[in-house]
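Inspection log for the structure reproduced underneath, given as structure tokens.
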Amino acid sequence: MDIRRMNLVLMRHGSTLWNEQKRYLGHTDLSLSPRGREELTSAQAKLIGMNFDRVYCSDLARCRESLNAVRPDLAAGAIYDRALREMDFGAWEGHTYDQLKDTALYRQWLDDPQQVTPPEGEAWASFEGRIAAFLGRMLPSSEVTQPEPPSFSTNVLAVAHGGVIRQIATQLVSGLAFWEIEAGPGQLLGLTLEQREESWTGAELRIL
């Protein structure tokens, strides 16, 4: 049976001022901080010389700037997709834990984020659904439109946010829990995917 493989590299953006201040940052569009640019140095060194068939990137500034910092040669041809935005924290955007800790709804959300939604924010099911829709567009279908060798593989880079990277990994790797995944600013994670018949599955997530 022919096997199709994808080598997926996931990169989290560098820090913004709000990240440094531990403020909730979802759809608010902030640029990288000086520290955030420094955090990308390691990723830049590791990505030099890597070839990618496709590049996806969140359309928010902190991801666009991160891609341009590490691989400016890939920025012009990247697909900037709003589906890769971080979860929208609604009225809690820009707030810290200390500012929200006495709010009953916030405490409920911390205990069960899959069932409780931030005011004016994004429900977990919606967040999960848009990541699933993105993966549906990113992963080739079983219908091959042109001849491919029996062992076809492709290399893809996706620049996104911490929550998005966790959600992508949990949807692709069986048994992996959302909060088990570490995705620090500027960090690179690798995932090898295989398509067998209709479904794509991922091997163990690894730090690059």
Side-chain angles (χ1 to χ4, degrees), residues 4-16 25-32 36 39-40 42-44 46-88 122 126-145 148 152-173 176 178 181-195 199-203 205-208:
R4 306 175 83 195
R5 294 185 177 86
M6 176 181 289
N7 301 307
L8 177 61
V9 176
L10 300 164
M11 186 182 92
R12 185 182 172 189
H13 62 82
S15 293
T16 69
L25 176 59
H27 284 204
T28 304
D29 202 11
L30 300 184
S31 292
L32 295 174
E39 290 167 341
L40 298 169
S42 176
Q44 182 183 35
K46 292 173 182 177
L47 288 172
I48 289 175
M50 284 193 186
N51 295 317
F52 294 101
D53 302 293
R54 282 176 285 147
V55 179
Y56 295 91
C57 185
S58 163
D59 66 336
L60 295 179
R62 56 193 184 272
C63 287
R64 298 174 69 105
E65 292 172 3
S66 294
L67 174 58
N68 195 60
V70 298
R71 286 293 300 268
D73 58 308
L74 299 176
I79 299 169
Y80 296 95
D81 195 332
R82 63 180 292 117
L84 287 175
R85 290 185 176 193
E86 184 61 279
M87 175 179 279
D88 185 354
E122 184 174 19
S126 176
F127 175 57
E128 191 174 53
R130 67 176 164 90
I131 300 304
F134 165 76
L135 292 175
R137 296 191 297 272
M138 183 191 77
L139 297 171
S141 70
S142 59
E143 298 179 0
V144 180
T145 57
E148 293 174 348
F152 171 77
S153 64
T154 186
N155 300 316
V156 174
L157 172 65
V159 182
H161 310 264
V164 172
I165 290 172
R166 291 186 180 98
Q167 191 61 244
I168 288 174
T170 55
Q171 291 191 23
L172 292 175
V173 182
L176 190 61
F178 184 88
I181 303 162
E182 295 292 333
Q187 189 170 47
L188 293 173
L189 300 174
L191 185 58
T192 300
L193 308 175
E194 287 190 355
Q195 184 189 45
S199 62
W200 284 87
T201 57
L205 192 70
R206 61 195 183 278
I207 298 174
L208 299 181

- Got a second to check how far S31's OG is from R64's CZ, nearest 0.5 Å? 11.0 Å
- Mark yes or no for whether N155, through its side chain, and D53, through its backbone, hold a donor-acceptor pair below 3.5 Å. no
- Message: I'd like to know if the side chain of Q167 reaches the main chain of F127, judged simply by a donor and an acceptor atom lying under 3.5 Å from each other, with no hydrogens or angles considered.
- Response: no
- Hey, is the main chain of R85 close enough, under 3.5 Å, to the side chain of R130 for a donor-acceptor pair? yes
- Message: So does A75 get a backbone contact from the side chain of Y80, meaning a donor-acceptor N/O pair under 3.5 Å?
- Response: yes
- Message: Given 3.5 Å as the limit, does a donor-acceptor pair link the side chain of R71 with the main chain of M50, or not?
- Response: yes
- Message: For a 4.5 angstrom cut-off between non-hydrogen side-chain atoms, does M138 reach D81?
- Response: no
- Can any side-chain N or O of E86 pair as donor or acceptor with the backbone N or O of G163 at less than 3.5 Å? yes
- Query: Applying the side-chain contact (heavy atoms from CB on, under 4.5 Å) test to V70, which of K46, M11, E65 qualifies?
  - Reply: M11
- Message: For a side-chain contact (heavy atoms from CB on, under 4.5 Å) check, start with the C-alpha distance between L208 and R206, then their side-chain angles and the critical distance, and finish with the verdict.
- Response: CA-CA 6 Å; L208 299 181; R206 61 195 183 278; 4.0 Å; yes
- Message: Closer than 3.5 angstrom, by distance alone: can the side chain of Q187 be matched with the main-chain N or O of R12 as a donor-acceptor pair?
- Response: no
- Message: Please identify which of these residues, L205, I165, I181, I131, meets the side-chain contact (heavy atoms from CB on, under 4.5 Å) condition with T170.
- Response: I181
